[in-house]
Amino acid sequence: MQLVGIAYKQKKSGPMLCLTNADISLEKGVADDVFGKPGKRQVTVLSQEQWQAACDELDNDLEWQTRRANLLISGYEFSAADVGKQIIIGEQVALLITGETAPCTKIEKQADGLQNALTPDWRGGVTCKVVTSGPITLFDTIAVL
């Protein structure tokens, strides 16, 4: 498993800005993301495989940033059994999985049917709280414990 995408937004409805590396902090989440304040939805993580399943259902090859998640990982699919587990990124960053990132109606503006395509099987990703701060870089290894 590895980290294959990093993104953040500077303002609420602003564009997702992609990075090759970032600092994850207890105070600000991913690189000063507007929603990175401490709480159970500090960082959002999306599975590349689950995102692809949603895109395949729509027959639409959408960029992963369309989902507006902070991190994209490959080699893992999320489920309800993951709540309470930690995502370890690289050598030191730890994120506590707090729940599902439920797709909202706003996502429909990105592509017709996307909300429904993201609804089953936790395809919309997970919400997380930062447990341990540190730097992350694209292609860091991932573990879910």
**Q** When you look at CD of Q92, are more than 12 heavy atoms from neighbouring residues, nucleotides or ligands closer to it than 6.0 Å?
**A** yes
**Q** Determine, stepwise, if the pair E77 / R123 fulfils salt bridge (charged side-chain N to carboxylate O under 4.0 Å, His left out).
**A** CA-CA 8 Å; E77 293 188 19; R123 290 179 182 172; over 6 Å; no
**Q** Is it the case that more than 12 heavy atoms not belonging to K85 sit under 6.0 Å from its NZ atom?
**A** yes
**Q** Measure the spacing between OG of S47 and CZ of F78 and express it to the nearest 0.5 Å.
**A** 6.5 Å
**Q** Kindly compute the distance separating CG (L46) from CD1 (I73), expressed to the nearest 0.5 Å.
**A** 8.5 Å
**Q** For D56, check side-chain hydrogen bond (donor to acceptor under 3.5 Å, both in side chains) against everything at least two apart and list the hits.
**A** Q52
**Q** So how far is it from R41 CZ to T101 OG1, rounded to the nearest 0.5 Å?
**A** 5.5 Å
**Q** Would you indicate whether K28, at its atom NZ, is surrounded by more than 12 heavy atoms from other residues, nucleotides or ligands within a distance under 6.0 Å?
**A** no
**Q** Does a donor on one side chain and an acceptor on the other come within less than 3.5 Å for T98 and T127?
**A** yes
**Q** Given the rule that I, L, V, M, F, W and Y join up when any side-chain heavy atoms are under 4.5 Å apart, are I142 and V131 in one cluster?
**A** no
**Q** Do M16 and Y8 make a side-chain contact, defined as non-hydrogen atoms from C-beta onward lying under 4.5 Å apart?
**A** no
**Q** Salt-bridged, K37 to E27, with N to O below 4.0 Å?
**A** no
**Q** Are F139 and L72 linked, directly or through intermediate hydrophobic residues, by side-chain heavy-atom contacts shorter than 4.5 Å (ILVMFWY only)?
**A** yes
**Q** Spell out, yes or no, whether V144 and L71 are grouped together once hydrophobic residues are joined by side-chain heavy atoms under 4.5 Å, including indirect joins.
**A** yes
**Q** With sequence neighbours excluded, tell me which residues meet side-chain hydrogen bond (donor to acceptor under 3.5 Å, both in side chains) with D33.
**A** N70
